[in-house]
Protein chains: 2
Amino acid sequence: MNTKDLAYFDRLINLKNFSQVALEFGVTQPTITTAIKRLETEFGSKLVLRDRVHNTLTVTASGQQLAIHAAAILERLALAHHEISNLTQQRTVLGLPPIIENHYFPRVAAHLQELGMLENIETLEGGSVWLRNALRDGQVDLALLGSTAPLAYETLVAEEFDRKPFNIFVSRQHPLASRKRIYFSELRREKFVLFNSSFIHNTAFNQLARRNHFRPDVVYRARDTHIIMNLVAENVGVTYLTALVDQHRDDVVRLELLDDEQPAFISSIVYRSSHVLTPAQKQVLAVLRGTLEEKA
Amino acid sequence: MNTKDLAYFDRLINLKNFSQVALEFGVTQPTITTAIKRLETEFGSKLVLRDRVHNTLTVTASGQQLAIHAAAILERLALAHHEISNLTQQRTVLGLPPIIENHYFPRVAAHLQELGMLENIETLEGGSVWLRNALRDGQVDLALLGSTAPLAYETLVAEEFDRKPFNIFVSRQHPLASRKRIYFSELRREKFVLFNSSFIHNTAFNQLARRNHFRPDVVYRARDTHIIMNLVAENVGVTYLTALVDQHRDDVVRLELLDDEQPAFISSIVYRSSHVLTPAQKQVLAVLRGTLEEKA
DNA sequence: ACTCATTATAAATTATTTTTATAACGACTG
DNA sequence: CAGTCGTTATAAAAATAATTTATAATGAGT
């Protein structure tokens with residue numbers, strides 16, 4: 001069976017129009033007709049029904065079933081291409097969320113530099129949620145990710161190397177600035193400046209908010225800790241961030257949270273379980289482990 | 001790309017011999033040579049190295065990577081065939097582990113009977129571990145499974161409907177027969193008659209044994225609760241089984257376990273997340289839910 | 001009745017896969 | 001060391017399969 005047929009089918013399910021699919025693939029319309037017919041023969045079942053009355057195309061149960069598997073197969077094929085291409089180009093793409101990049105990567109980079117391995121590494125930045133997908137579809141080979149619960153996916157291997165609490169940061173001018181510790185519920189009336197939603201800070205924050213039964217007033221969302229910290233310093237609002245971002249600024253005060261069972265910022269080394277590591281990638285992994293898990 | 005090439009490649013990785021692969025597929029040897037060459041061109045990388053000196057075949061890193069994906073793709077394709085075939089034949093295969101079949105199925109069967117749906121159902125028996133695999137590769141559409149931890153697999157959807165403790169069963173002649181409750185650690189010197197290892201009873205049993213730091217003396221393993229109960233009655237040993245199997249025999253006594261955080265026998269309705277349920281299967285699922293989750 | 005936007009069909013063409021036949025390679029053997 | 005065995009590779013021919021071209025068919029809308 002040709003995977004091209006699956007690709008045609010996959011698009012047909014979305015476009016619901018034979019001619020348009022043909023156009024997209026730069027082939028003629030009968031090509032699509034025969035491709036679908038081939039699949040229908042192969043699986044011994046009608047896959048789509050051409051409803052000429054309403055000029056629509058309905059997908060049969062078998063068709064829906066095949067659509068699911070076709071999409072998965074095509075995705076895996078793309079992943080194979082991606083991975084083998086990285087493999088042959090001796091390329092290692094390392095995914096880093098900005099907070100982790102700031103806090104842990106300098107140490108890792110220093111070690112890699114010493115071993116002359118830094119130039120073969122390409123880094124890709126993005127929120128942990130986005131990077132997890134990039135990792136799954138092969139754009140990234142290795143990643144350091146943050147999460148609030150231990151990462152457990154069949155397709156990914158995660159090795160936790162650190163766990164830090166979340167803290168509250170307020171301006172030195174803020175009434176709470178004299179405090180050292182605080183309960184989340186005391187922040188009911190505050191304005192918040194937070195990370196935008198591709199970061200796991202939100203997951204943790206929402207958990208705490210839900211548990212304390214209030215809907216926090218979020219006045220601004222940013223992609224950058226410096227922007228957030230500057231806003232906090234100006235007393236635009238308070239923020240909720242990992243202890244990792246502490247920049248020891250004298251215009252911002254860090255408060256610990258007293259709540260039990262708080263979410264933590266868990267840092268892990270992550271890679272695909274289906275991924276074959278090159279010798280170079282194995283070395284990078286070894287350096288990551290050596291540098292990050294050294295307390296163990 | 002033709003999936004046949006992936007099939008050839010997949011076998012080649014295992015057999016490491018072009019001619020034998022050709023033989024297995026009933027084609028000639030140059031067919032395999034060209035198929036592999038096609039893949040090597042498609043992925044832009046050598047996949048295998050023909051070592052004529054040692055007369056062996058080594059798989060490159062790219063080859064190993066592709067092998068993983070090829071196997072997964074072929075498996076999925078087979079699953080698609082299986083599922084669509086069940087779909088068109090209006091067949092529903094229900095997987096049942098014997099204990100669950102004995103305890104819960106009669107009620108379900110009665111309801112299905114009333115609705116005239118029993119004849120379209122084919123049941124397949126086996127241990128929970130075995131059935132989980134049968135479910136994954138499409139031999140089974142729906143299953144009732146036992147587990148000790150809530151089932152959480154990306155590929156399967158599990159709906160827990162009951163949770164029962166495990167008990168100890170001893171012969172009426174046994175010195176412990178006068179007891180109602182017992183700690184697992186008190187069984188350190190006992191002989192055990194247990195289920196064989198495709199059942200989750202073992203997982204639970206091993207957990208408890210490990211936690212109590214002793215290696216239990218297992219004198220016999222069987223596939224059938226009646227055999228086990230008969231052996232227990234004869235005082236060949238004691239057994240560890242779910243409360244579900246209680247047959248109210250007067251020659252066997254049931255003892256509850258007093259340990260905290262004991263494993264439980266969790267019963268769930270399980271199906272593939274990628275599976276499209278036919279109307280008939282949806283009805284079966286509704287009956288299962290209605291019958292089994294009725295306490296909720 | 002005519003036009004439009006569809007999908008289907010059949011023959012011709014083009015592309016791809018497989019076979020046939022044979023070469024090449026290196027190990028082993030008498 | 002020539003001959004044979006068990007391999008995989010190569011090239012041309014044959015067989016299969018996919019795609020295009022050209023056209024038909026269908027039913028909705030005007």
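Each chain gets a letter, A, B and so on, in the order the sequences are listed, and its residues count up from 1.
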Q: Please report, rounded to the nearest Å, how far the P atom of C:dT14 is from the NZ atom of A:Lys4.
A: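 Atom-to-atom, A:Lys4 to C:dT14, this comes out as 16 Å.
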
Q: Out of D:dT19, D:dT20, C:dA8, which has the shortest distance to the side chain of A:Arg38?
A: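 Nearest listed nucleotide: D:dT19.
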
Q: Which nucleotide, C:dT7, D:dT10, C:dT19, lies nearest any side-chain atom of B:Lys37?
A: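 Nearest to the side chain of B:Lys37 among the choices is D:dT10.
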
Q: OP1, OP2 of D:dA9 versus side-chain N and O of B:Thr33: anything below 4.0 Å?
A: yes

Q: What distance separates B:Leu151 CG from B:Ser268 OG, expressed to the nearest 0.5 Å?
A: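 B:Leu151 atom CG to B:Ser268 atom OG measures 5.0 Å (nearest 0.5 Å).
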
Q: Report the distance from atom CG of A:Leu23 to atom P of C:dT6, rounded to the nearest whole Å.
A: 11 Å

Q: Between B:Thr3 (side chain) and A:Asn2 (backbone), is there a donor-acceptor pair under 3.5 Å?
A: no

Q: Look at A:Thr31 and D:dT19 and indicate whether a side-chain polar atom (N or O) is within less than 4.0 Å of OP1 or OP2.
A: no

Q: Distance check needed: D:dA18 C1' versus A:Gln29 CD, whole Å only.
A: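 Taking CD of A:Gln29 and C1' of D:dA18, I get 15 Å after rounding.
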
Q: How long is the gap from CZ on B:Arg136 to OG on B:Ser274, to the nearest 0.5 Å?
A: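 The OG atom of B:Ser274 is 11.0 Å from CZ of B:Arg136, to the nearest 0.5 Å.
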
Q: Starting the side chain at C-beta, find the nucleotide from D:dA9, C:dA8, C:dT19 nearest to A:Pro30.
A: C:dA8

Q: In this structure, how many angstroms lie between the P atom of D:dT8 and the CG atom of B:Leu49, rounded?
A: 13 Å

Q: Quick one, which residues of residues 6-18 of chain A touch DNA chain D with a heavy atom under 4.0 Å?
A: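 Nucleic-acid contacts, sorted: A:Tyr8.
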
Q: To the nearest 0.5 angstrom, please state how far the CD atom of A:Gln139 sits from the CH2 atom of A:Trp130.
A: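 One finds 5.5 Å between CD of A:Gln139 and CH2 of A:Trp130.
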
Q: Report the distance from atom CG of A:Leu57 to atom P of C:dT6, rounded to the nearest whole Å.
A: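 My rounded result for the distance is 12 Å.
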
Q: Quick check: do B:Arg221 and B:Phe195 have side-chain heavy atoms less than 4.5 Å from each other?
A: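 They are not in side-chain contact.
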
Q: Round to the nearest Å and state the distance from A:Glu40 atom CD to C:dT7 atom P.
A: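 Rounding to the nearest Å, CD of A:Glu40 and P of C:dT7 are 13 Å apart.
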
Q: Minimum heavy-atom separation for A:Gln281 to A:Leu142, with atom names?
A: O-CD1, 4.1 Å

Q: Are B:Ser19 and D:dT8 close enough that a side-chain N or O sits under 4.0 Å from OP1 or OP2?
A: yes

Q: Return the value, rounded to whole Å, for the distance between atom CD1 of B:Ile36 and atom P of C:dT18.
A: 11 Å

Q: D:dT7 phosphate, OP1 or OP2: any side-chain N/O from B:Arg50 under 4.0 angstrom?
A: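 No, B:Arg50 has no side-chain N/O under 4.0 Å of OP1/OP2 on D:dT7.
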
Q: Nearest 0.5 Å please: distance from the CG atom of A:Leu66 over to the CD atom of A:Glu42.
A: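 Here the interatomic distance stands at 9.0 Å.
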
Q: May I have the distance from B:Ile32 (atom CD1) to D:dT7 (atom P), rounded to whole angstrom?
A: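 So the two atoms are 14 Å apart, to the nearest Å.
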
